[in-house]
Amino acid sequence: MGAIRNTRKNKRRKILKDALIEISPYFTNLNYTKNYGTAKGHRVVVSYTFTFEPENPKKILLIQLLKKFYLKD
């Protein structure tokens, strides 16, 4: 039973790690925390909280303008 739990835990960890690596270039200081609860008397992860720093509004505006310029038909 312990091996099954470890396998599930490793799969969740790998999926989350891969997802964070993929989206981290779009967010500054991207981190996450696990939120725990109880189910049938056991401690389980019930949700994840993601935190990151807000982007500079000028940078966002510049990116939008560049997309409009380069994506013209």
Side-chain angles (χ1 to χ4, degrees):
M1 189 75 169
I4 294 171
R5 285 189 188 151
N6 286 336
T7 302
R8 288 180 186 165
K9 184 178 178 181
N10 289 338
K11 284 182 182 179
R12 278 183 286 212
R13 185 181 296 146
K14 181 172 177 16
I15 290 168
L16 190 58
K17 180 183 173 187
D18 291 346
L20 287 174
I21 289 171
E22 189 173 327
I23 65 173
S24 64
Y26 304 104
F27 298 95
T28 308
N29 291 334
L30 178 64
N31 293 310
Y32 74 96
T33 55
K34 295 179 186 178
N35 301 314
Y36 295 95
T38 55
K40 297 182 183 180
H42 298 283
R43 183 176 176 217
V44 294
V45 176
V46 292
S47 65
Y48 294 94
T49 303
F50 294 89
T51 57
F52 55 92
E53 292 181 11
E55 289 291 328
N56 183 349
K58 291 180 182 178
K59 182 179 177 183
I60 293 171
L61 181 61
L62 177 63
I63 291 170
Q64 289 173 347
L65 289 172
L66 289 172
K67 281 183 181 178
K68 284 182 182 178
F69 179 76
Y70 285 110
L71 296 178
K72 282 185 180 178
D73 286 344

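When reading the values below, keep in mind they use all heavy atoms of this one structure, side chains included, and skip hydrogens, waters and symmetry mates. One is the number of the first residue; the rest follow in order along the sequence.
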Exercise. In chain order, what residues pass the side-chain hydrogen bond (donor to acceptor under 3.5 Å, both in side chains) check against T49, with sequence neighbours excluded?
Worked result: N35
Problem set entry | Pairing residues for S24 by the side-chain hydrogen bond (donor to acceptor under 3.5 Å, both in side chains) criterion, not counting sequence neighbours | none
Problem set entry | Sequence-distant partners of F52, ring pair (Phe, Tyr, Trp, His ring centres under 6.0 Å), two or more places apart | F27
Exercise. Who else is in the cluster with L61 when I, L, V, M, F, W and Y are joined by side-chain contacts under 4.5 Å?
Worked result: L65
Problem set entry | Residues in side-chain hydrogen bond (donor to acceptor under 3.5 Å, both in side chains) contact with K17, at least two apart in sequence or another chain | none
For this session: Hey, could you give me the OG1/CZ distance between T7 and R12, rounded to the nearest 0.5 Å?
Result: 10.5 Å
For this session: Treating Ile, Leu, Val, Met, Phe, Trp and Tyr as nodes and any side-chain heavy-atom pair under 4.5 angstrom as an edge, say whether Y48 and I23 lie in one connected cluster.
Result: yes
Exercise. Side-chain contact, heavy-atom cut-off 4.5 Å: Y36 with V44?
Worked result: no
For this session: Output the distance between atom CG (L16) and atom OH (Y32), rounded to the nearest 0.5 Å.
Result: 4.5 Å
Problem set entry | Set of residues satisfying side-chain hydrogen bond (donor to acceptor under 3.5 Å, both in side chains) with respect to Q64, sequence neighbours excluded | none
Seminar exercise, completed: Contacts satisfying salt bridge (Lys or Arg N to Asp or Glu O under 4.0 Å) that involve residues 18-27 (not counting sequence neighbours) are K14-D18
For this session: State which residues pass side chain to side chain contact (heavy atoms under 4.5 Å, CB included) with R13; sequence neighbours excluded, sorted by chain then number.
Result: K9, N10
